[in-house]
Amino acid sequence: MHRVCVIPGDGIGPEVMDACLKVLENLTDNLKFVHAEIGVNAYKKYGKYLPEETVQLLQHTDACLFGALTTPSSPDYRSPLLAIRQGLKLYANVRPVRTLLPGRPEIDMVIIRENTEDLYVGLEEYHGSYAVAAKIVTREASERIVNFALDYARKHGRKKIACVHKSNVLRKTDGLFAEIFREKVADEEVETEEVYVDTCALRLVTSPERFDVILTLNLYGDILSDLAAGLVGGLGFAPSANIGESYAMFEPVHGSAPDIAGKDAANPTAMILSAAMMLDYLKMEEEAARIRKAIAAVYASGVKTRDIGGETGTKKFADLIVKEIEKGS
Ligand code: ATP
C-alpha cells in the first residue's frame, strides 16, 4: 500500500482533484490518501502558507498529488510550492506533451526542466531606479539534471535530447549549462542537439513533431511548456512531475484558473495524467497505462471538454474515464 499526500489547493484545484481521486479509487485499492493544505486555505486555518503539519505529512508519504494554488498579492507571501520543491529537493520537473485530440499534429515530447535554480532562486532587489534579479546556474545542479535527462531517455526509449539555452547571450550561466551538457553526452548513444531558446520557440510552433526530449533551464522550461501545452489543446492537457532523490510531487501544469472555478468547467485531464505519472513512479505501471488508454479512448470517441469548445464538464469527464477503465478491465 502506497501513502499519497493529497493537496487539492484552491480555484479549480479541488475540482480537478475530486475527478482524479474518483478515477484512482475506481482503479486500485493500493493507494491510501492523506489530505493536507497549503496556501491561502492553510493560512486561514494555521496562520501559515506552508504549515508544519503539511511538511510532516509530506515527509511521511511516498508521493504527493497536488491540484493548483492561487498566488495572493500579499507582500509577505512566499510560494509554499517553491518551498516544497526546494525543501524536498525536487530538482527535476518533467512535463510530457502528447497529442490526444483527433486532427492535431502527432506530438510526443517531454520537457525536462531544471527545477531549483536559474532566475527562480528569488534573489531580486531594488537599487534606486532599477531592479536586479540573480540568475544562478551551478555545476552541481546542471550535472544532476543532465544525468536525469540521460537516464530518463534510456528508461523511456527516447532517441534524441535537445538542450535548450541562450549561451550566445548568457555566456557564463547558460554557457555553463551547455558545457556540462556537452561533457556528459559525449560518450552517450542518444542523439543530441543544442537549440537556442528563441529558435526552439519557433520550431515548436512550425515543426513540433521533431522534438523528443527537451532539456532546459528553469525559466525557459516554464515558458516553453505552456507553449507546447497550447499545441495539444491547452493547459488542461499538460501534466507534470517534480522529482527528487527520495520524493516526488505530481501536479497539472496549469494554475488555479479562478475565472472558471466552481463552474464544473475545468478539464481534469492534466490532473489525471499527473496521477498516471505518479503511478509510474510508484512502480504501478500497469495501472498508469490503463488510465492513459482510457483517456485516449474517451478523446478518440469525440468527447470534447469545455476548454476545447465542447460540453463535457469536469465531473462527467471523470465518469467517462471510470466507465472506460471498467470496460478495459
Ligand atoms: P498561475 O499563475 O497560478 O500559474 P496562470 O496565470 O498560468 O496561473 P492558469 O490558472 O494556469 O493561469 O490558467 C490560465 C487560463 O487557462 C485560465 O484562466 C483558464 O481559463 C484556462 N485553464 C487553465 N487550466 C485549465 C483547465 N484545467 N481546464 C480548463 N481551462 C483551464
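Position 1 is the first residue of the sequence, and the numbers go up from there. Numbering of ligands and ligand atoms starts at 1, following listing order.
Each of the following atoms of ligand 1 lies closer than 4.0 Å to a heavy atom of Ala266: 28 (N). Distances below 4.0 Å separate heavy atoms of Gly236 from the following atoms of ligand 1: 26 (C), 27 (N).
Taking 4.0 Å as the cut-off, Val16 does not count as a neighbour of ligand 1 on heavy-atom distance. Using 4.0 Å as the threshold, Thr71 has no heavy atom nearer than that to any atom of ligand 1. At least one heavy atom of Ser256 sits less than 4.0 Å from an atom of ligand 1.
By the definition of a contact as any protein heavy atom under 4.0 Å away, atom 12 (O) of ligand 1 is not in contact. Distance remark: protein heavy atom not present below 4.0 angstrom from atom 5 (P) of ligand 1. Protein non-hydrogen atoms do reach within 4.0 Å of atom 30 (N) of ligand 1. For atom 19 (C) of ligand 1, a protein non-hydrogen atom is found at a distance below 4.0 Å. There is a protein heavy atom less than 4.0 angstrom from atom 9 (P) of ligand 1.
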task: Could you give me the CA-CA distance, side-chain angles and deciding distance for Glu285 and Arg292, then say whether salt bridge (Lys or Arg N to Asp or Glu O under 4.0 Å) is met?
output: CA-CA 11 Å; Glu285 288 96 347; Arg292 292 193 184 103; over 6 Å; no
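Under 4.0 Å is where a charged nitrogen must lie from a carboxylate oxygen, and between Arg3 and Asp62 no such pair does. Under 4.0 Å is where a charged nitrogen must lie from a carboxylate oxygen, and between Asp319 and Lys22 at least one such pair does. Taking 4.0 Å as the cut-off between side-chain N and carboxylate O, Glu188 and Lys184 do not count as a salt-bridged pair.
Closest to atom 23 (C) of ligand 1, if we only count protein heavy atoms, is His254 CB, 3.8 Å. Looking only at protein heavy atoms, the nearest one to atom 22 (N) of ligand 1 is Ala257 CB, 4.2 Å. In this structure, atom 25 (C) of ligand 1 lies nearest to the protein heavy atom Ile12 CD1, 4.0 Å.
The shortest distance between side-chain heavy atoms of Asp118 and Thr173 does not fall below 4.5 Å. Counting only heavy atoms from C-beta outward, the side chains of Leu231 and Pro105 never approach each other to under 4.5 Å. Proximity of Leu65 to Met271: side-chain heavy atoms (C-beta onward) are separated by under 4.5 Å at one or more points. Inter-residue side-chain proximity for Tyr120 and Asn115 is flagged as unmet; no heavy-atom pair is nearer than 4.5 Å. Considering only heavy atoms from C-beta on, Pro268 stays 4.5 Å or farther from Cys20 through its side chain.
Any N or O atom pair closer than 3.5 Å counts here, and Gly255 shares at least one such pair with ligand 1. Among the atoms of Asn267, some N or O lies under 3.5 angstrom from an N or O of ligand 1.
Only the side chain of Asp307 comes within 4.0 Å of ligand 1, counting heavy atoms alone; its backbone N, CA, C and O stay farther away. Residue contacts with ligand 1, taken as heavy atom pairs separated by less than 4.0 Å, do not involve Thr269 at all.
In this model, a donor atom of one side chain and an acceptor atom of the other lie less than 3.5 Å apart for Glu114 and Thr116.
Between Phe317 and Tyr299, the distance from one ring center to the other falls under 6.0 angstrom.
Between atom 16 (O) of ligand 1 and the options Leu235, Asp259, Thr314, the minimum heavy-atom separation is to Leu235.
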